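Encoded as C-alpha cells, the structure appears first; notes follow it.
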Amino acid sequence: METVAVIDFETTGMSPGQGARAIEIAAVLVRGGRIIDRYQSLMNPDTYIPPFIEQLTGISQAMVRSAPAPDRVMRDVADFVGAHPLVAHNASFDQRFWDAELARIDAVRVQPFACTMLLARRLYPEAPDHKLSTLVRFAGLPASGRAHRALADAEAAAHLWIRIMDDVQGRLQGAGITHRTLATLQSVPRAGVDAHLLGLQRRFDRATRR
DNA sequence: TGCCAGGCCCTCTTTAGGGCCTT
C-alpha cells in the first residue's frame, strides 16, 4: 500500500531566491485513505519576519527564537518522510522551499512531488476557486485548525488528497490509483481528463485480462 | 531609482498577456 507525505511550509516570503526562509514545516503521512503519522516544527532561520507574515500565520519573532535551527529541523523532517512521494497544495511553492532548505544541509530531494491544486483544477472545475480553504469547504472536508499554520494546512491538503484519490478511483473500475497516476493526471490538460482516465481504465483492463 | 517569484492555465493565444495560487 503506497504511502505519501503531504507537506506544508510557512515562510517569510514567496521565494527562497529572493531571500525568503522557512519558519515552520509540517508533514503528514497518508496511507490507505487515512492519516497515519504527523510531524510539525517551527524553525529559527535567524531572519526578520515581516508583520504581514506574523499577522497571516500567527508566528512571531518570539516564537521562532526558541525553535531549533533549520538544519536540524530539515534533517528530522527528511528522515520522517524518507523516500515517500511528496504532495503539497500548489506544490511548485513548497518544492522550491523544500529543495532550497535541503540544499543548505547539502541534501537533495529523492522523490517527485504531486500537486493537489493542479489536480483539483482538473477534477473540480466547478469549485468557486482552488484555494485550499475554499476546496476544504467545497468538498466538505474535516476542519483542521488554524489556517496558515503548517500542520493544519498539511492536514487539510492530506484530506483533499484522500478525496481526490477516492474520486478518481470512483471514476475507474478497479484500476489501482497511485501517486504516480495522479502526478501524471495533473499534467493532462483540463479538457483531456476524461480521455486520460478512459485510457488508464483500458490499460488496466488489458493488464488484468486473463 | 525602482523594482524584485515562478509555474501553470485560459483565451479575445501561439509573434502574448493576465489571472491564479502559495507565504
Side-chain angles (χ1 to χ4, degrees), chain A residues 4-28 40-64 67 70 73-74 77 86-104 109 111-139 141 144-161 163-164 182-196:
Chain A
V4 301
V6 185
I7 70 162
D8 185 76
F9 278 105
E10 304 306 320
T11 72
T12 62
M14 300 306 297
S15 172
Q18 297 294 318
R21 294 296 307 274
I23 52 176
E24 187 179 46
I25 185 167
V28 172
Q40 179 273 329
S41 181
L42 290 167
M43 61 182 99
N44 181 11
D46 198 23
T47 192
Y48 174 68
I49 298 178
F52 168 74
I53 297 297
E54 183 170 341
Q55 186 167 22
L56 179 73
T57 65
I59 299 172
S60 66
Q61 208 83 51
M63 288 167 69
V64 301
V73 174
M74 290 308 298
V77 71
L86 294 169
V87 175
H89 195 71
N90 195 17
S92 68
F93 174 86
D94 293 277
Q95 181 178 324
R96 282 199 301 277
F97 279 94
W98 181 266
D99 291 349
E101 294 293 343
L102 278 190
R104 289 175 175 273
R109 175 168 52 89
Q111 63 274 80
F113 264 90
C115 178
T116 51
M117 184 190 74
L118 294 179
L119 285 163
R121 280 180 178 170
R122 281 155 184 74
L123 295 169
Y124 315 123
E126 71 278 22
D129 60 53
H130 298 90
K131 294 181 176 74
L132 181 58
S133 58
T134 302
L135 290 166
V136 165
R137 287 192 301 274
F138 175 78
L141 302 176
S144 298
R146 189 193 196 284
H148 297 298
R149 286 301 299 266
L151 184 58
D153 283 359
E155 288 190 358
H159 288 300
L160 178 58
W161 174 258
R163 174 63 58 85
I164 288 169
L182 296 185
T184 303
L185 178 61
Q186 76 182 21
S187 64
V188 173
R190 184 185 293 174
V193 165
D194 288 338
H196 180 74

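Keep in mind that this is a model prediction, so the values were computed, not measured. By convention in this document, chain letters (A, B, ...) are assigned in the order of the sequence lines, proteins followed by strands, and residues within each chain are numbered from 1. As a basis for the values below, the full set of heavy atoms in this structure was taken, side chains included, without hydrogen atoms, waters or symmetry mates.
Listed for the A/Q61 side chain is a donor-acceptor partner under 3.5 Å among the backbone atoms of A/T47.
Within 4.0 Å of A/Q186, counting heavy atoms only, lie sugar-phosphate atoms of the nucleic acid but no base atom. Backbone-only contact: A/M117 has heavy atoms under 4.0 Å from sugar-phosphate atoms and none from a base. Across all strands shown, A/R96 has heavy atoms under 4.0 Å from base atoms, whether or not it also approaches the sugar-phosphate. Nucleic acid contact class of A/D94 (heavy atoms, under 4.0 Å, all strands): none. Within 4.0 Å (heavy atoms only), A/I23 reaches no atom of the nucleic acid at all. Within the 4.0 angstrom heavy-atom criterion, only backbone atoms of the sugar-phosphate kind lie near A/F9; the bases stay farther away. Nucleic acid contact for A/E10: sugar-phosphate only, since backbone atoms but no base atoms lie under 4.0 Å from a heavy atom of the residue.
Taking both residues in full, the closest heavy atoms of A/L135 and A/A120 are given as CD1-CB, 3.7 Å, listed atom of the first, atom of the second, then distance. Closest non-hydrogen pair, A/T57 versus A/R146, comes out as O-NH1, 3.2 Å.
When each of B/dC8, B/dT23, B/dG6 is scored by its nearest atom to the side-chain atoms of A/L118, the top-ranked nucleotide is B/dC8. The listed nucleotides are B/dC8, B/dT23, B/dA5; the one nearest the side chain of A/R121 is B/dC8. Distance from the side chain of A/H89 is smallest for B/dT22 among the nucleotides B/dT22, B/dT23, B/dC20.
Contact annotation: A/H148 side-chain N/O to B/dT23 OP1/OP2 distance is under 4.0 Å.
Comparing B/dC20 with B/dC12, their P atoms sit 16 Å apart, to the nearest whole Å.
Put simply, the side chain of A/D94 reaches to within 4.5 Å of the side chain of A/D8, judged on heavy atoms.
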